[in-house]
*Asks:* 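Handing you a structure now.
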Amino acid sequence: MAFRKWKNFAVAGFGAMLLGALAGSAVADDALKLPQLSASGADACFGRVYDAAHLKAHPKQKVARIFFLYGHDPVSHPNEEPTANADTSYNGFLTTTVRGAKTPQWAGGWCNHESEDGKSGPIRCGMDCDRTMASLKLDDKGRLILTDVSSDLYLDAGSEDELGEAEYDRQALGSEDDNFRLDPMPAATCKAEFAKIDPIDPALGAPLRERLKPDQPFCFGRNYDAAHLSSHPS
């Protein structure tokens with residue numbers, strides 16, 4: 001899917017994108033410096049799960065669950081090789097689950113004030129290709145309001161022409177998927193939601209980096225039987 005392609009691109013190009021995208025705004029050391037969202041610098045979570053009554057009253061809203069994490073990468077697994085600049089590149093992560101879907105989709109970006117000093121003005125979360133993930137602000141009750149959420153948030157650039165109007169509309173977010181008002185939640189709640197995207201298979205056991213010692217020789221192999229080979233002629 002497009003969002004998975006985006007993830008692969010992001011992993012491959014963290015360093016280059018950071019240099020280009022953050023030029024003129026916040027530098028890497030300032031990646032987590034939006035005190036409105038997190039005064040202590042700890043991960044901050046906001047979310048909302050819409051009930052059946054709300055969704056019935058808003059038939060053009062596809063999003064049934066939405067969570068926003070301001071902080072450190074909640075998607076990468078602990079058994080994966082650490083991504084370059086993982087803790088200083090993207091600092092805003094959005095995940096949504098549309099009606100009827102079993103797993104969420106997600107996007108990440110860098111969130112900063114749109115001002116020369118980077119300390120005032122509206123907060124915008126940008127993505128690659130100069131796209132906007134969302135604009136942020138807090139209301140007087142501490143709830144996070146997300147606006148400017150693009151309907152093609154999880155789609156590749158030019159997808160409308162590539163997919164055709166009908167398929168594009170099916171994959172894109174709905175016309176009422178904007179102006180979300182999210183409640184503050186424990187960071188663990190957001191992390192649990194992001195964990196649904198690519199869950200770790202417990203049957204695989206602990207990561208190899210934990211099971212194998214640096215000075216321990218190891219070998220992995222497999223002999224395929226006739227039944228397997230006959231069912232895989234290529």
Side-chain angles (χ1 to χ4, degrees), residues 1-22 28-29 31-32 42-43 45 47 65-98 100-110 127-129 131 133 153-159 162-163 167 171 186-234:
M1 297 177 68
F3 79 93
R4 196 171 290 276
K5 293 179 183 177
W6 178 88
K7 180 183 178 184
N8 292 338
F9 172 76
V11 170
F14 259 126
M17 289 170 60
L18 176 68
L19 292 176
L22 298 185
D29 290 341
L32 283 178
D43 292 348
C45 173
R65 301 173 64 89
I66 177 170
F67 293 83
F68 182 88
L69 177 74
Y70 174 67
H72 302 90
D73 183 359
V75 182
S76 297
H77 290 161
N79 61 329
E80 294 177 338
E81 195 67 26
T83 304
N85 302 313
D87 289 338
T88 55
S89 295
Y90 295 153
N91 54 32
F93 301 85
L94 177 68
T95 182
T96 61
T97 305
V98 298
K102 295 182 179 179
T103 56
Q105 292 177 289
W106 74 281
W110 47 92
M127 295 171 61
D128 59 292
C129 303
R131 300 173 67 196
M133 182 172 71
L153 180 66
Y154 304 116
L155 296 172
D156 296 329
S159 292
E162 179 181 339
L163 297 173
E167 182 61 18
Q171 294 189 29
T189 302
C190 275
K191 293 177 181 178
E193 193 72 13
F194 279 96
K196 298 177 182 179
I197 295 168
D198 187 18
I200 297 174
D201 184 354
L204 297 178
L208 292 181
R209 67 174 65 191
E210 295 178 7
R211 287 188 273 165
L212 301 178
K213 306 305 178 184
D215 58 348
Q216 174 186 348
F218 61 90
C219 173
F220 294 88
R222 183 171 180 182
N223 289 323
Y224 291 97
D225 58 24
H228 177 93
L229 295 175
S230 64
S231 64
H232 295 78
S234 298

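Positions are given from 1 along the sequence.
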*Asks:* What heavy-atom pair brings K196 and P104 nearest, and what distance separates the two atoms?
*Replies:* CB-CD, 3.8 Å

*Asks:* Which atom names give the shortest non-hydrogen contact between F67 and C190, and what distance separates them?
*Replies:* CB-SG, 4.0 Å

*Asks:* Does T95 reach the main-chain N or O of W106 with its side chain, forming a donor-acceptor pair under 3.5 Å?
*Replies:* no

*Asks:* Atom OH of Y154 and atom OG1 of T96: how far apart are they, to the nearest 0.5 Å?
*Replies:* 2.5 Å

*Asks:* I'd like to check T103 versus I197 (side-chain heavy atoms, cut-off strictly below 4.5 Å). Are they in contact?
*Replies:* no

*Asks:* Where is the tightest heavy-atom contact between P74 and K191, given as atom of each residue plus distance?
*Replies:* CB-CG, 4.5 Å

*Asks:* Is there a side-chain contact (heavy atoms from CB on, under 4.5 Å) between T97 and E193 once you walk through the steps?
*Replies:* CA-CA 10 Å; T97 305; E193 193 72 13; 4.0 Å; yes

*Asks:* Evaluate side-chain contact (heavy atoms from CB on, under 4.5 Å) for Q171 paired with L155, printing each intermediate quantity in order.
*Replies:* CA-CA 8 Å; Q171 294 189 29; L155 296 172; 3.3 Å; yes

*Asks:* Please work out which of the three classes, parallel, tilted or perpendicular, describes the rings of H232 and H228, given edges at 30° and 60°.
*Replies:* parallel

*Asks:* Taking all non-hydrogen atoms of both residues into account, name the closest pair between A187 and C45 and its distance.
*Replies:* CA-CB, 3.7 Å

*Asks:* Please name the pair of heavy atoms, one in A227 and one in S230, separated by the smallest distance, quoted to 0.1 Å.
*Replies:* O-OG, 2.9 Å

*Asks:* So, does R65 use its side chain to make a donor-acceptor pair with the main chain of V98 at under 3.5 Å?
*Replies:* no

*Asks:* Looking at F194 and V75, what are the two nearest heavy atoms and their distance?
*Replies:* CD2-CG2, 3.7 Å

*Asks:* I want to check something: taking the side chain as every heavy atom from C-beta on, are H72 and D43 in contact at a cut-off of under 4.5 Å?
*Replies:* yes

*Asks:* Tell me, yes or no, whether the heavy-atom count around D201 atom CG, taken from other residues, nucleotides or ligands under 6.0 Å, exceeds 12.
*Replies:* yes

*Asks:* If you define the side chain from C-beta out and look only at heavy atoms, does anything of M133 sit under 4.5 Å from F68?
*Replies:* yes

*Asks:* Side chains of D73 and Y90: closer than 4.5 Å at any heavy-atom pair?
*Replies:* no

*Asks:* Compare all side-chain heavy atoms of L153 with those of M127 and state whether any distance is below 4.5 angstrom.
*Replies:* yes

*Asks:* For the CD1 atom of I66 and the CG atom of L94, what is their distance to the nearest 0.5 Å?
*Replies:* 5.0 Å

